[in-house]
Q: 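This is the structure I have questions about; it appears just below.
Proteins come first, then strands; the chains are lettered A, B, ... in the order of their sequence lines, and each starts at number 1.
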2 protein chains.
Amino acid sequence: MAGYVRDDLPETEVQRQRDLYGPFTQSLRELVDAGLRTLVDDEEIRAAQAEVEAITARLRARQLEGAYGVRFSAEGRGRPWGNTVVGLRNAVAPPLRIEHHPDRDGRVWSDFHLGAVYEGPPGLVHGGVSALLLDQLLGESAGAGGRPGMTATLTLSYRQGTPLGDLRGEAWIERSEDHKTWCRGHLVGPDGVTVEAEGLFILPRWARERIASEQPHPTPRYFE
Amino acid sequence: MAGYVRDDLPETEVQRQRDLYGPFTQSLRELVDAGLRTLVDDEEIRAAQAEVEAITARLRARQLEGAYGVRFSAEGRGRPWGNTVVGLRNAVAPPLRIEHHPDRDGRVWSDFHLGAVYEGPPGLVHGGVSALLLDQLLGESAGAGGRPGMTATLTLSYRQGTPLGDLRGEAWIERSEDHKTWCRGHLVGPDGVTVEAEGLFILPRWARERIASEQPHPTPRYFE
């Protein structure tokens, strides 16, 4: 499928790119946070804007035509580096590092920190940001259980406000049937569960056909 | 409520800040997009990172201690400039400009563009980003209809992939009862509706008490 690019990068090159783009993207996250919270005077803001525009022009001298997509190496390991939630190269992503339970298929979790840019009601995580993160967590749960799929339905129940800061997210597979997988998950704050989610994930036909055809081209473990 | 700050800024000062921070934040959005899509060599990336870190340090010389919150002026007009979806000062926000139908309470819409940083599956909007935007749209619909509330439940139904690019979002009030309001909405792409949403919004007790007490302190029109 367009966008799922197999580039066969050796792991050493993947690691080299991680070491280069990881810290660079983190510096952009810091700048975005500082840009929102800064109280410096107008002249300083205008000076910063001019410098930012100059850096952007240099970076755009050579760039991808469209979005990043998902790259795969020979092992079929996906690199969703543009993903809004987990993207190593996406400064909009917190990013979440999602762990997969070694001996329990479909059980995933992530400990993460959400700062000022994820605010909805004052001091609280935007309800839609909680939905965004839970969609990713549930989708990865389906994939971790060997039942990858794209979101068909997602239902969020908000139990209490989710304070900005250190949070935990968890997701697991509830049940599966043919190419459908039902997952559940939640976010946990200092006072317990804040948001609960349940979702139905369906493996798209193109992926089912790819699996059936057993081509060497890897099938994504989940659909970022 | 903590975070809803009434600062009584005159409209002229609000406009001055808009003119200063609007373009500055847009320059940060461009930089984040360029940072994700750039193909320049490693030295250029490292040089950009050093400059970005220097700008961040200058901006942090004076900054808000926590998140931005929501500021109100005398007219009670909210400025959710840190909001993840609509925040004028938040480079993570696209941002959406949400229009309110003049003579139909509760009917809101927004035409917007989503670029590479909102990607989930290759070339498509992250399903969770659609949920994020629809949560904001439905919440504003409730507020526009004079029925503000915080999200209690939100259900998304994904009809087809939402391509990155120019999109439209719409939301309206389905019905309301006491302090509960049920809203519906959807995103529309080049091939029609892509995601449908329905949500229940509830006016929190502290806001109901504020309205009852008729204090001059404005009650937010909606809960960003």
Q: Please identify, among B:Val32, B:Asp41, B:Asp42, the residue contributing the most non-hydrogen atom pairs under 4.5 Å to chain A.
A: B:Asp42
Q: What heavy-atom pair brings B:Leu28 and A:Gly35 nearest, and what distance separates the two atoms?
A: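 That would be CD1-CA, 4.1 Å.
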Q: Return the option, out of A:Leu134, A:Asp33, A:Leu133, with the maximum number of heavy-atom pairs under 4.5 Å with chain B.
A: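 Top option by heavy-atom pairs under 4.5 Å: A:Asp33.
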Q: Just give me the residue among A:Val125, A:Leu200, A:Val117 that pairs up with chain B most often, heavy atom to heavy atom, under 4.5 Å.
A: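 Of the options given, most contacts go to A:Val117.
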Q: State whether the side chain of A:Ser141 and the backbone N or O of A:Ile173 hold a donor-acceptor pair below 3.5 Å, judged by distance alone.
A: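 Judged by distance alone, yes, a pair lies under 3.5 Å.
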Q: Tell me, for B:Thr25 versus chain A, whether the close heavy atoms (under 4.5 Å) come from the side chain, the backbone, both or neither.
A: neither
Q: What's the shortest heavy-atom distance between A:Leu39 and B:Gln63, and which atoms?
A: CD1-C, 3.5 Å
Q: Say you draw a straight line from CZ of B:Arg71 to CZ of B:Arg79; how long is it, rounded to the nearest 0.5 Å?
A: 7.0 Å
Q: Chain A: which of B:Thr155, B:Thr151, B:Leu132, B:Asp135 shares the most heavy-atom pairs with it under 4.5 Å?
A: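 Max contact count across the listed options: B:Leu132.
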Q: Measuring only between side-chain heavy atoms, which start at C-beta, is B:Cys183 closer than 4.5 Å to B:Thr181?
A: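 With C-beta onward as the side chain, the pair touches.
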Q: Using side-chain heavy atoms (C-beta onward) and a distance below 4.5 Å, is A:Trp172 in contact with A:His186?
A: yes
Q: With a 4.5 Å cut-off on side-chain heavy atoms, are B:Pro148 and B:Leu203 touching?
A: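 A side-chain contact exists here, since the closest heavy-atom pair is under 4.5 Å.
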Q: Rounded at 0.5 Å granularity, tell me how far OH in A:Tyr118 sits from CZ in A:Phe112.
A: 10.5 Å
Q: Among B:Ala91, B:Pro23, B:Ala54, B:Ala47, which residue forms the greatest number of heavy-atom pairs with chain A at distances under 4.5 Å?
A: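 Top count of heavy-atom pairs under 4.5 Å with chain A: B:Pro23.
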Q: Sort out for me which of B:Gly66, B:Ala50, B:Ser130, B:Ala131 touches chain A most, counting heavy-atom pairs under 4.5 Å.
A: B:Gly66
Q: Here's one to test your reading of the geometry: is the NZ or CZ of B:Arg18 within 45 degrees of the ring axis of B:Tyr21 and under 6.0 Å from its centre?
A: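 Not satisfied by the 6.0 Å and 45° rule.
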Q: Contact between B:Arg37 and A:Arg60 at the side-chain level, heavy atoms closer than 4.5 Å - yes or no?
A: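 They are in side-chain contact.
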Q: Check each atom of B:Glu198 against the heavy atoms of chain A and say whether the ones under 4.5 Å are side chain, backbone, both or neither.
A: neither
Q: Of all the residues in residues 158-166 of chain A, which have a heavy atom that comes within less than 4.5 Å of a heavy atom in chain B?
A: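 Contacts with chain B: A:Tyr158, A:Leu164.
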Q: Which region of A:Glu65, side chain (C-beta onward) or backbone (N, CA, C, O), has a non-hydrogen atom less than 4.5 Å from a non-hydrogen atom of chain B, or is it both or neither?
A: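 Contact with chain B: backbone only.
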Q: Counting only heavy atoms closer than 4.5 Å, note whether B:Ala152 contacts chain A via side chain, backbone, both or neither.
A: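 For B:Ala152, backbone heavy atoms alone lie under 4.5 Å from chain A.
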Q: In terms of heavy-atom pairs under 4.5 Å, which option from B:Val195, B:Val85, B:Val129, B:Ile55 contacts chain A the most?
A: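 Most pairs with chain A among the choices: B:Ile55.
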Q: Can you confirm whether A:Leu138 sits close enough to A:Phe201 that some side-chain heavy atom of one is under 4.5 Å from a side-chain heavy atom of the other?
A: yes
Q: Determine, stepwise, if the pair A:Trp81 / A:Gln17 fulfils side-chain contact (heavy atoms from CB on, under 4.5 Å).
A: CA-CA 11 Å; A:Trp81 287 357; A:Gln17 289 193 19; 3.3 Å; yes
Q: Hey, which of B:Ala93, B:Ser157, B:Ala48 has the most heavy atom pairs under 4.5 Å with chain A?
A: B:Ala48
Q: Do you know which of A:Arg16, A:Glu53, A:Glu44, A:Arg58 has the most heavy-atom pairs with chain B at a distance under 4.5 angstrom?
A: A:Arg58
